[in-house]
Visitor: 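Have a look at this one.
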Amino acid sequence: MKFRLSGEFGELSPVRNWQPHTGIDLAVPENSTLRAIGEGTIDRIFNGSGAIGKGLSIQLTDGTRAIYGHMNEVTARVGEHVDAGDIIGLSGNTGNSTAAHLHFGLRSPDGTFMDPTPVAEQLAAMSGETSSISKGGIFNWFLERGKVNNYQGYEQESLIREYAKEYVTEFTLGALDALKDLLLGASLVGSALCIILKVAGWRDGSRWAGVLMVANILIKYLFGGI
Ligand SMILES: [Zn+2]
């Protein structure tokens, strides 16, 4: 799902005692499913007593730590191995938080916080509704062929799905719209033609002109929603 970026990296705010924001915030509704952004080991669980609320830290295979905060429920355990996409818990509004959101941070092995904005889209795509993420299909196809690593795999899969959905919807709506225009035009022109033929001497001309006008109105009514 797409979630709005509600807090930027490095942002200064009285909410955080004017300390630079160590991660990004995504406006995620409470109890949305959260997933591991990459393969790694759970190295910390936050029990909810701190500003970050309930959450966890995953030590990714390259040593980077991915930090999730303000969660309602943490289902992962310390020491547990996770693969990219594994469920780690539910988002929430715990700790020092004024609205439901996910705090996400990336900490390099030397301890400095990095700007996670480049992975925000992927993080959003992996959170919430689970239907757009699966471990099979396109994702594995990419992985098997070594075209992408875990990170991009999820990004690619959700993007492809999104594009496909948009394309089909647009195509269907476009086709229906074109059909409507065609039918409206044809019934109007046909109706006019029947009137001309009636004047020219065709007995049934006015009857058919009437039928086509009714059809025209019906078409407008039936396709009203488009
Ligand atoms: Zn935050």
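Position 1 is the first residue of the sequence; numbering continues from there. Every heavy atom of this structure was used, including side-chain atoms; hydrogens, water molecules and symmetry mates were not. First listed ligand is number 1; within each ligand, the first listed atom is number 1.
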Visitor: Using a cut-off of strictly less than 2.8 Å, determine whether His21 has an N/O/S atom near the Zn ion (ligand 1).
Guide: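 So His21 does bind the Zn ion (ligand 1) by this criterion.
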Visitor: Residues two or more places apart in sequence or in another chain: which of them pass side-chain hydrogen bond (donor to acceptor under 3.5 Å, both in side chains) with Asn96?
Guide: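 Testing Asn96 for side-chain hydrogen bond (donor to acceptor under 3.5 Å, both in side chains), a comparison that skips the adjacent residues, returns none.
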Visitor: Find, among atoms of His103 that are N, O or S, the one nearest to the Zn ion (ligand 1), and state its name.
Guide: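 Looking at His103, the N, O or S atom with the least distance to the Zn ion (ligand 1) is ND1.
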Visitor: Could you tell me whether the side chain of Lys220 reaches within less than 4.5 Å of the side chain of Leu184, counting heavy atoms only?
Guide: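 In contact.
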Visitor: Please round to the nearest 0.5 Å and tell me the distance separating atom CG of Leu26 and atom NE2 of His70.
Guide: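 The CG atom of Leu26 sits 11.5 Å away from the NE2 atom of His70.
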Visitor: In the structure I gave you, are the side-chain heavy atoms of Pro29 and Phe3 within less than 4.5 Å of one another anywhere?
Guide: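 Contact flag for Pro29/Phe3 side chains = yes.
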Visitor: So which N/O/S atom does Asp25 have closest to the Zn ion (ligand 1)?
Guide: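 This residue's closest N, O or S atom turns out to be OD1.
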